[in-house]
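A quick write-up on the structure given underneath.
Each residue takes its place number in the sequence, starting with 1.
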Amino acid sequence: GFFQADFVVASGDYHHVEQKMIPPELRNYSEEHWDRYTMSPSSLLFFLGVGKRLRNLRHHNLFFDECLEQHAKEIYDAPKWPSKPLFYVCVQSVTDPS
């Protein structure tokens, strides 16, 4: 359905949100702009609640335990889900103990 709104806050794919949820006169980019790009997967998100503190982690943690070059080749040169994805962990309780 359609919902009238004064503001839209979205945490989804920018292309989809802009082209499917925002009226044409309010969009930043045209469909022709987006047609010039080859989309690749950006991330697969899991939100996990852990009931104890995990040591040796900061607020933002990047794990490059596989080859970054192969990862980049798979997502940018021949867009597909990478065979050995790299991953990121956010531990919000490090900076927000609530």
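Both V50 and V94 are members of a single hydrophobic cluster when ILVMFWY side chains are connected at heavy-atom separations under 4.5 Å. In the hydrophobic clustering of this structure, Y88 groups with F64; members are Ile, Leu, Val, Met, Phe, Trp, Tyr whose side-chain heavy atoms approach within less than 4.5 Å, directly or through other members.
N61 contributes a side-chain N or O that, together with a main-chain N or O of R58, makes up a donor-acceptor pair within less than 3.5 Å. Using modelled atom types, one side-chain atom of S30 and one backbone atom of H33 make a donor-acceptor pair closer than 3.5 Å. Remark: the backbone N or O of S83 is not paired with any side-chain donor or acceptor of Q70 at under 3.5 angstrom.
Summarising the geometry, atom CG belonging to L57 is positioned 5.5 Å from atom CZ belonging to F63; distances are rounded to the nearest 0.5 Å. Interatomic distance, CG of N28 versus OH of Y14, reported as 4.0 Å (0.5 Å rounding). Here the straight-line distance linking atom NZ of K20 with atom CZ of R27 works out to 8.0 Å at 0.5 Å rounding. Interatomic distance, CG of D13 versus CD of Q19, reported as 10.5 Å (0.5 Å rounding). Remark: C90 SG to L62 CG distance equals 10.5 Å, nearest 0.5 Å.
Between T95 and H59 there is a side-chain heavy-atom pair separated by less than 4.5 Å. Counting only heavy atoms from C-beta outward, the side chains of W34 and E18 approach each other to under 4.5 Å.
W81 and E74 share no side-chain donor-acceptor pair at under 3.5 Å.
For the residue pair H71 and P85, the shortest heavy atom distance occurs at ND1-CA, 3.9 Å. Here the shortest heavy-atom pairing between K80 and I75 reads O-CG2, 3.7 Å. Nearest heavy-atom pair across K84 and E66 is CD-OE1, 3.2 Å.
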